[in-house]
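Working notes, beginning with the structure itself.
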Amino acid sequence: MTEPDRPIVLVVDDEETLRRVLGREVARMGYRARLAADGDQALAALGKEEVAAVLLDLKLPKRDGIAVLKEIKAGWPLVEVIMMTGHGSVETAVEALRAGAYDYQQKPCHLDELEQLLAKALERRGLAERARALSERGDEGAIEWGGSDAMARVRHDLEKVAPTDVPVLVLGETGTGKELVARELHARSAFARGPFVAVNCGAIAPSLVASTLFGHEKGAFTGADQRRLGLVEVAHGGTLFLDELGDLPLDVQVQLLRFLQAGEVLRLGATAPVQVAVRVVAATNVDLDAAVAAGEFREDLLYRLDTIRLVLPPLRARKGDIRSLVARFLDELERKGRPRRSLSEGALRALEAHAWPGNVRELRAVVERLCLLADAPTIEAPDVEARLQRGKRKGEGALEVMPLRDMEEILIVKALRRFQGNKPEAADALGIALKTLYNKIKAYDIDVDAAVAGTHRLA
Ligand SMILES: Nc1ncnc2c1ncn2[C@@H]1O[C@H](COP(=O)(O)OP(=O)(O)OP(=O)(O)O)[C@@H](O)[C@H]1O
Ligand SMILES: [Mg+2]
């Protein structure tokens, strides 16, 4: 990375030695360091150039760190702030997080922890900036409702329940737009000014789910050398989006139920609970009623979350919406600076004839690829057919009846090979969520390197 590309990190501390040491360490971590001794100097530095993150001492002369934090967040909402606390009282740390700090570190700082925190904070900043750029660009990220009755019903119910604090369960196959709906609920709710915290219950190692959700005190278990707030607490005042709810381990289900009933969080190893107010939205593509019957999901928790269900229909059940979705995606691509493309009537019909197992996500990926590969401004039926048929025809000769499980594994190995192990691209081509791909790679114990090299037994 060239010098001007490197993010700037501002160190704010009144102790000169510490400031210098931290500045040097920040530079060693690959950032450009700037130093400030108090709040005024810090704000002046922020006004001068684009700062990515601030390491902010809690105890500063004149105004204290929390006051400075609030001013930073008011003037530069995208700048991530990591607080450095002296004797770290819980209350101040919580106050700092509520005021928008990314996290806090107890002094004396562990440099490698600080390095990781900074990297994570800046990663989040990247996401936040992208999100802002998207929202400024208009309706990208907004739901395209189409004209189907099924979606009209979802929309009706969503608009009714969004302003309340009632929990909402969003159900539907992969790629039907569950996350979009969750964000829409947040945006239209009384919690919209608070954070939207998404937790992918299936992507966290089962042993870490409880502490990720509910946090832990210093010393709660081996390796817990710091207090950490759980995501439930971080979502205070906003929306907690529990994605892939069906994957939540049973013991954590009990804790979640307790939280929903009492509205308070007990961090692991803590003696007193903390009050937390959040709007809960949960999503899953698992049949929860069946999971309850199978003893994999607690009935009392389902009952608690199941006040309102928004069920997103699969795309094959609302093919009339394909045209408006395609139009939306074409507009989005054009806004991204791609040449304007259109689809002929025949091409649209060919899309409508497809089954869309990956639902809207798959449709979006197909439209994007059609546009990328198009030689002419108008995409015709044969282009679409070639694109949608290719996958089918390839295996057709060899297609024999075999366990579906093997079929899946073969397709995953092929996709990994075709995209040189690039999982997002492979997932895209398979029309499944990236996380689903990860889960399947794990479940089938697929050696990705072997798949790429063509040495996998099914390659
Ligand atoms: N109604 C819609 N309008 C516009 N885009 C949509 C719509 N539904 C889905 N999409 C797009 O399809 C993709 C998948 O949507 P989303 O992530 O919300 O699906 P999901 O139901 O959460 O899937 P999964 O169960 O695999 O996580 C996203 O790129 C999203 O923007
Ligand atoms: Mg999702």
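Sorted by first and then second residue, the salt bridge (Lys or Arg N to Asp or Glu O under 4.0 Å) pairs involving residues 305-314 (not counting sequence neighbours) are Asp289-Arg309, Asp306-Arg309. Within the structure, no pair that satisfies the salt bridge (Lys or Arg N to Asp or Glu O under 4.0 Å) test touches residues 277-288, not counting sequence neighbours.
With rounding to the nearest 0.5 angstrom, the CG atom of Leu60 is 11.0 Å from the CG atom of Leu69. Here CG of Leu330 is found 10.5 Å from CZ of Arg341. Values are rounded to the nearest 0.5 Å. Put simply, CG on Asp57 and CE on Met83 are 7.5 Å apart, with the number rounded to the nearest 0.5 Å. Atom CZ in Arg20 sits 9.5 Å away from atom CG in Leu35 (nearest 0.5 Å). Atom-to-atom distance recorded for Leu343:CG and Phe329:CZ is 12.5 Å, nearest 0.5 angstrom. Between atom CD of residue Glu49 and atom CG of residue Leu10 there is a gap of 9.0 Å, rounded to the nearest 0.5 Å.
Side-chain contact of Asn359 with Thr176: a donor-acceptor pair under 3.5 Å is absent, judged by distance alone.
When all heavy atoms of Leu158 and Arg188 are compared, the pair lying nearest together is CD2-CD, 3.7 Å. In terms of heavy atoms, Arg298 sits closest to Gln253 at N-OE1, 2.8 Å. Nearest approach of Ala37 to Arg19, heavy atoms of both residues: CB-NH1, 3.2 Å. Considering every non-hydrogen atom in both Pro195 and Gly237, the closest pair reads CD-C, 4.3 Å. Nearest heavy atoms, Phe214 versus Glu233: O-OE1, 4.4 Å.
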Margin query: Does Val12 form a side chain to side chain contact (heavy atoms under 4.5 Å, CB included) with Val68? I'd like the steps, not just the answer.
Written below: CA-CA 10 Å; Val12 190; Val68 178; 5.7 Å; no
Item checked: Criterion side chain to side chain contact (heavy atoms under 4.5 Å, CB included) on Phe297 and Thr284, from CA distance to verdict -> CA-CA 12 Å; Phe297 201 83; Thr284 181; over 6 Å; no
Checklist line | Audit row: Leu229, Arg267, side chain to side chain contact (heavy atoms under 4.5 Å, CB included) steps and yes/no | finding: CA-CA 8 Å; Leu229 291 194; Arg267 298 188 202 113; 3.4 Å; yes
Checklist line | Full working for side chain to side chain contact (heavy atoms under 4.5 Å, CB included) between Leu305 and Leu245 | finding: CA-CA 11 Å; Leu305 289 172; Leu245 178 74; 3.6 Å; yes
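In this structure, Glu159 places its CD atom where more than 12 heavy-atom neighbours from other residues, nucleotides or ligands lie under 6.0 Å away. Counting non-hydrogen atoms of neighbouring residues, nucleotides and ligands closer than 6.0 angstrom, the NZ atom of Lys435 exceeds 12 such neighbours.
At a threshold of 4.0 Å, the pair Arg98-Glu95 does not count as salt-bridged, since none of the basic side-chain nitrogens sits closer than that to a carboxylate oxygen. Contact check on Glu332 versus Lys336 returns no salt bridge, with no Lys/Arg side-chain nitrogen under 4.0 Å from an Asp/Glu carboxylate oxygen. Electrostatic pairing of Glu173 and Arg316 counts as a salt bridge here, judged by a charged N lying under 4.0 Å from a carboxylate O. A salt bridge is defined here as a Lys NZ or Arg NE, NH1 or NH2 lying under 4.0 Å from an Asp or Glu carboxylate O, and Glu425 with Arg418 fails to meet this definition.
Exactly one of Asp251, Leu242, Val280 qualifies for a side chain to side chain contact (heavy atoms under 4.5 Å, CB included) with Leu256. That residue is Leu242.
Listed by chain and residue number, Val21 satisfy the side chain to side chain contact (heavy atoms under 4.5 Å, CB included) test with Arg24 (two or more places apart in sequence, or in another chain). Residues that satisfy the side-chain hydrogen bond (donor to acceptor under 3.5 Å, both in side chains) test with Glu368, not counting sequence neighbours, are Arg338. With sequence neighbours excluded, the residues forming a side chain to side chain contact (heavy atoms under 4.5 Å, CB included) with Leu268 are Ser211, His216, Ala220, Phe221, Gln255, listed by chain and number. With sequence neighbours left out, the ring-ring contact (aromatic ring centres under 6.0 Å, His included) criterion links Phe196 to His186, Phe241.
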